[in-house]
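Everything below concerns the one structure shown next.
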Amino acid sequence: MKARRLAFFAAFLVGAALFSVNAAAVVLSEDALEGDSLSVGGSVRLYDLVLWGGPLASPLAPPGSNPTELAVTALRPMFEWKRSSGFSLVVHDELVSTASTTALGAFGGSLALGRASAVPVWLPLQWQAVDDPTYALRDRIDWAYARYAAGAVTVTAGRQPVSIGRGQIWTPEDLIAPFSPLQIDTEYKPGADALRVDVATSSAFNLVALGAAAKNDNSSLLARFELGTDALRIGAMAGSVRTDVVLGADLFVDLGHGSDFHGAGTITRVTRAERRPWDRRAFSRAVVGVTSELSSTLHVTAEGYFNGAGARSPEQYLEELGGPRVSLGETYTAGRLYAGAAADFAPHPLLHLELSVIANLEDPSAIVAPSALYSVAENVSLIAGAMLGVGERPRYGTGVVPASEFGSYPGLAHLDVKLWF
């Protein structure tokens, strides 16, 4: 499979280079004076991942599973209609093909390194065309929402991306559909079936009311307000997330000279016994961090994170990672105390070199993730990177006993191509 994928990547790059000058979203109609437009476009994203070591090299792994290659191709057609009256309609479909040299479900969540869990939804807008052990083909309407803005009020209804609160690496307030801190692609956030109302009476005040529908008691209802100036903003939220009662607060301070301080925290009271982490009826999560533009070519983010829902010892990690909060994509880490940093260096306008490190401070263990992004053309990007786990390896007997969180992960290398049209 690797030879075929490399040949396909090479052909794709050649084709993209030849046709990228004319590749752009097609504007079917546009009235610049009235502000009306109708356009279609899309993207193709290809990921070739190789995983090795960790659970793939354990005595319990199937023969021939180390290394494992995972090839993902995602075609995303897009439709957008805007009216001068304040109405807009957005539809994004996503057709995803996933092929693996090893059975996709053989290692539980280990093959999800670099990817996120599916967002719980209400509407059955997805189809599994093929679901074989080493190949899957599915189609999902990822975004399908209508939006109407009138004065200070904006109403958005349908399957839509949802982001709430502060935080760059960790987002304790963003509980409905957060990105994983280890996620490779964050281009498009998966949509949730929601009704959202934004009220912005001025630049100093913003109110958000959000209801997200999902099956099996996984619906959520939240309200958040934010007030302040460009230099200082304070927010607070309250609501129910999958029957948990959640209160939160956040802060943003512009420190000047391209730097800022941000923080966010939540307190969660758990009403359902099966969702209580380690029999904790209530727990907190919090993040504090800074972002800084050290120069015109170097941007840095550093954060510390406390996860009160996490396991107290490595021996409990597997149980935590198999729990409902991880399976629903609410959280992606098993421990309690973390630190992380990410740097983006652009030595050339077409080249970005990135390095991120996420560490569990109690194990201790870490994931080191270098990557490079090169803009082949205006609408074509090539990305190469890796995720390398550092920490004590698991012990194997009749089962698996983790000795550290990130030391239990497989290594990962990836080559990605993105084309927008």
So I169 and Y305, do their side chains get closer than 4.5 Å, heavy atoms only?
no
Less than 4.5 Å apart, side chain to side chain, heavy atoms only: is that true for L175 and L222?
no
Under the salt bridge (charged side-chain N to carboxylate O under 4.0 Å, His left out) test, which residues partner D193, sequence neighbours left out?
R159
Expected output: side-chain N66 to main-chain G53 donor-acceptor under 3.5 Å
yes
Do S88 and Y145 have side-chain atoms, one donor and one acceptor, less than 3.5 Å apart?
no
Quick check: does any side chain N or O of T333 sit under 3.5 Å from a backbone N or O of G335, one acting as donor and the other as acceptor?
no
Student check: side-chain heavy atoms of V368 and L355 closer than 4.5 Å:
yes
Can you check whether A214's main-chain N or O pairs, donor with acceptor, with S219's side chain at less than 3.5 Å?
yes
Does the side chain of R138 come within less than 4.5 Å of Q126's, by heavy atoms?
no
Are E320 and W278 close enough, and set up right, to give a side chain to side chain donor-acceptor pair (under 3.5 Å), and what steps lead you there?
CA-CA 9 Å; E320 177 65 20; W278 313 107; 3.2 Å; yes
Under 3.5 Å: donor-acceptor pair, side chain of R242, backbone of I176
yes
Has the side chain of E303 got a donor or acceptor atom that lies under 3.5 Å from a matching backbone atom of Q168?
yes
Stepwise side-chain contact (heavy atoms from CB on, under 4.5 Å) check, L89 with F79:
CA-CA 8 Å; L89 177 65; F79 168 89; 4.1 Å; yes
Is there a side-chain contact between D139 and D93 (heavy atoms, below 4.5 Å)?
yes
Just list the side-chain donor-acceptor pairs under 3.5 Å for residues 360-367, sequence neighbours left out, or say none.
residue	atom	partner	partner atom	Å
N360	OD1	E362	N	3.0
N360	OD1	D363	N	3.3
N360	ND2	Y317	OH	3.2
N360	ND2	D363	OD2	3.3
N360	ND2	E405	OE1	2.9
E362	OE2	R336	NH2	3.1
D363	OD1	Y317	OH	2.6
D363	OD2	S365	OG	2.6
D363	OD2	E405	N	2.7
S365	OG	F406	N	3.1

Quick check on salt bridge (charged side-chain N to carboxylate O under 4.0 Å, His left out): which of R325, R269, R280, R285 does D244 satisfy it with?
R325
Do R275 and L328 come within less than 4.5 Å of each other through their side chains, counting heavy atoms only?
yes
In terms of side-chain geometry, is the basic nitrogen of R166 or E226 positioned less than 4.0 Å from the acidic oxygen of its partner?
yes
Can we say R140 and D142 salt-bridge, meaning some charged N sits less than 4.0 Å from an Asp/Glu carboxylate O?
yes
Return yes if some donor-acceptor pair links the side-chain N/O of S284 with the main-chain N/O of G308 below 3.5 Å, else return no.
no
Flag the pair P77 / F421 as yes when at least one side-chain heavy-atom distance between them is below 4.5 Å, and no otherwise.
no
R276 side chain to R281 main-chain N or O, any donor-acceptor pair under 3.5 Å?
no
Any idea how H92 and W143 line up, ring-wise: parallel (<30°), tilted (30 to 60°), or perpendicular (>60°)?
parallel
Can you list the steps and then say if D174 with K189 is a salt bridge (Lys or Arg N to Asp or Glu O under 4.0 Å)?
CA-CA 12 Å; D174 196 6; K189 200 167 194 185; 2.4 Å; yes
Show your working on salt bridge (Lys or Arg N to Asp or Glu O under 4.0 Å) between K418 and E187 and close with a plain yes or no.
CA-CA 10 Å; K418 298 181 183 181; E187 195 73 39; 3.6 Å; yes
Within the structure provided, determine whether L75 and T73 are in side-chain contact (heavy-atom separation under 4.5 Å).
no
